[in-house]
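Just follow the structure's listing: the first ligand is 1, and inside any ligand the first atom is 1. Since the structure is predicted, the reported quantities are computational estimates derived from the model, not experimental observations.
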Amino acid sequence: GSVVGTRGSSGAGLPGRVAQSRRPVIVEDARAAPQLARGEPLLVELAACVAVPMTAHGGRLHGVLSVYARAPRPWREDEVQALVALGAMASAALSNAELYQRVAEEKERSDAILANIADGIVAVDREGRIVLWNAMAERITGVPASEALGRRVVEALQREIASDAPEEAGERQISIERGGKEIWLSLTEAVMRDSSGAVLGRIFAFRDVSGERAVEQLKSDFVATVSHELRTPLTSIYGFAETLRRSDIDFGEDDRATFLGYIASESERLIRIVDDLLTVARLEAGTLGLGVAPVEVRRIVSDVVERFAAGTNGSHEFVVDVPEGLQAAADPHRLTEVFHHLVDNAIKYSPRGGKVTLTGRRTADSVEIRVSDDGVGIPAGDEPRIFAKFYRGERGALAATEGTGVGLFVARGLLAAMNGRVWVESGEERGSTFVVELPVSNAV
Ligand code: ADP
């Protein structure tokens with residue numbers, strides 16, 4: 001047993017010969033065949049040997065299996081055959097072990113990939129039963145793997161996602177329900193086949209594109225709204241200008257003044273829309289220039305209210321209740337813009353008129369101004385969204401009010417830039433109250 005574990009070089013001696021020929025080498029008496037025994041340490045003490053290759057079905061050579069005898073002896077054909085068979089079996093066992101090891105490693109690797117991949121991956125077998133449902137599939141669909149595995153996709157997702165012609169389907173968008181909400185998936189699909197081409201199952205990969213879809217929707221809504229909002233004043237400006245240009249009609253001074261008045265006010269509306277959009281761009285680029293100074297809140301608020309009161313023909317009653325001397329640290333022009341949007345909304349969203357109230361007060365460490373109306377109010381579910389860019393509430397749209405959905409976004413952005421805040425207190429059918437909070441000015 002002293003040679004067990006020593007490394008025989010397979011390039012030399014008997015093993016080398018076996019390795020090269022892949023055939024058994026037989027030594028009946030080492031002393032009678034010194035050229036065979038050369039370089040073979042065991043054949044100094046031992047006299048006879050059979051060495052066979054360890055290889056299965058002509059595959060890789062795993063080694064050489066050698067059997068020795070102390071005294072010289074002939075080797076029977078059946079003994080050699082048995083050894084050859086043993087070598088082949090040992091080799092097959094080793095191949096299997098290696099294969100198993102490789103498969104286990106590969107499985108571990110693909111498990112790690114599937115668990116960390118950003119796509120939901122789902123595989124179904126030939127019968128359509130789910131055999132794979134990775135962590136992202138759980139996250140996206142809200143269905144845990146324990147519930148999905150072994151079932152059909154229709155059962156797990158309440159809808160079929162497979163296509164009739166998966167090979168041509170390409171990337172598709174489909175919707176599913178998660179927690180009562182519709183979410184959109186971008187889905188690709190592939191058919192798995194074995195080497196003979198028989199279908200083994202299908203594999204689906206998908207991403208949650210609900211957010212992107214919502215943004216796309218918002219963008220196209222916005223383009224539609226803005227084009228409409230710009231088109232309306234442009235059309236009247238064009239109409240009045242064309243009318244004034246007519247040489248066949250002699251307009252009196254009064255008519256001219258009226259037409260020019262419309263052209264001026266419609267141009268103003270255009271400028272305001274474009275200014276709002278510019279402010280949005282500046283807020284997002286962070287290039288908004290601010291001149292913060294002590295600001296007399298009552299003056300700003302009264303100016304805004306006066307301007308609107310002149311245009312409403314008495315449909316709304318305005319109440320300003322702001323103590324004199326209440327000063328906030330703010331940019332006066334930007335603060336005017338904020339109240340412009342809030343008062344504009346208060347009027348727009350109370351189409352049956354009513355009272356618009358602005359109250360100001362000093363709190364422990366800030367200035368608080370509330371803008372209240374008696375209008376349509378804001379549905380509870382809408383409150384988190386109304387400050388979003390381009391968001392327009394359905395009531396606004398239903399009431400066919402003008403707007404681009406950026407007013408509150410601009411108001412919140414401007415206030416944030418001035419270290420202030422704005423939020424809404426509203427109940428359905430009892431009007432809305434927007435609360436603005438600003439830092440107190442330290443200047444006396
Ligand atoms: P716009 O008025 O152009 O739609 P805003 O950003 O100013 O855009 O307002 C967003 C949405 O918030 C409006 O479409 C409307 O649904 C809602 N909203 C804003 N102010 C009020 C208010 N005073 N009363 C009721 N709803 C309001």
Side-chain angles (χ1 to χ4, degrees), residues 214-215 217-233 268-284 301 304-305 308-309 311-312 315-320 334-359 369-417 421-436:
V215 170
Q217 186 61 42
L218 219 53
K219 273 191 198 157
S220 51
D221 286 356
F222 171 72
V223 170
T225 330
V226 169
S227 344
H228 173 79
E229 288 293 308
L230 293 179
R231 206 178 160 77
T232 316
E268 213 184 305
R269 197 169 132 199
L270 272 182
I271 292 169
R272 252 202 321 274
I273 294 170
V274 174
D275 276 352
D276 280 349
L277 296 178
L278 281 176
T279 308
V280 168
R282 292 207 178 108
L283 278 170
E284 295 194 322
V301 168
V304 172
V305 166
F308 277 106
T312 50
S315 59
H316 292 75
E317 184 191 340
F318 295 91
V319 179
V320 176
R334 295 306 190 180
L335 192 56
T336 303
E337 213 174 320
V338 168
F339 286 115
H340 176 96
H341 286 302
L342 295 180
V343 175
D344 186 27
N345 282 346
I347 297 167
K348 260 196 329 199
Y349 299 110
S350 48
R352 278 175 293 158
K355 213 190 301 189
V356 177
T357 312
L358 290 99
T359 55
I369 305 113
R370 306 168 78 86
V371 183
S372 312
D373 62 58
D374 301 333
V376 296
I378 293 161
D382 244 15
E383 281 164 13
R385 289 184 291 180
I386 56 173
F387 289 95
K389 185 171 49 165
F390 307 142
Y391 180 78
R392 300 211 67 207
E394 225 154 66
R395 290 191 181 175
L398 282 179
T401 54
E402 291 166 356
T404 48
V406 298
L408 290 179
F409 176 81
V410 164
R412 175 166 276 184
L414 290 177
L415 282 165
R421 294 194 297 152
V422 57
W423 64 94
V424 66
E425 287 171 6
S426 176
E428 284 196 61
E429 295 305 332
R430 59 166 181 78
S432 314
T433 298
F434 284 83
V435 188
V436 170

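Here atom 4 (O) of ligand 1 lies nearest to R392 when heavy atoms of R412, H341, R392, K348 are compared. When Y391, F434, F390 are ranked by how near their heavy atoms come to atom 10 (C) of ligand 1, first place goes to Y391.
Residue contacts with ligand 1 for V406 involve N, CA, C or O but no side-chain atom from C-beta outward (heavy atoms, distance under 4.0 Å). With a 4.0 Å heavy-atom cut-off, ligand 1 is reached by the backbone of T404 but not by any atom from C-beta on.
Between R272 and D275 there is no salt bridge, since no side-chain nitrogen of the basic residue lies less than 4.0 Å from a carboxylate oxygen of the acidic one.
At distances below 3.5 Å, not a single donor-acceptor pair connects side-chain atoms of H316 with backbone N or O atoms of F308. At distances below 3.5 Å, at least one donor-acceptor pair connects side-chain atoms of D373 with backbone N or O atoms of S432. Not one N or O on the side chain of R430 forms a donor-acceptor pair closer than 3.5 Å with the backbone of G377. Between the side chain of T232 and the backbone N or O of E229 there is no donor-acceptor pair closer than 3.5 Å.
Residue-to-ligand polar distances keep F409 apart from ligand 1: every N/O pair is separated by 3.5 Å or more. For a threshold of 3.5 Å applied to N or O pairs, the pair formed by V376 and ligand 1 contains no separation below that value.
Under the side chain to side chain contact (heavy atoms under 4.5 Å, CB included) rule, V320 has a single partner from V301, T357, T359, which is V301.
Close approach to G403 involves these atoms of ligand 1, each under 4.0 Å from a residue heavy atom: 3 (O). Set against the non-hydrogen atoms of I378, the atoms of ligand 1 under 4.0 Å away are 25 (C), 26 (N), 27 (C).
Residue contact check for ligand 1: G375 places no non-hydrogen atom closer than 4.0 Å to it.
Taking CD1 of I369 as the reference point, atom CG of L335 lies at 6.5 Å (rounded to 0.5 Å).
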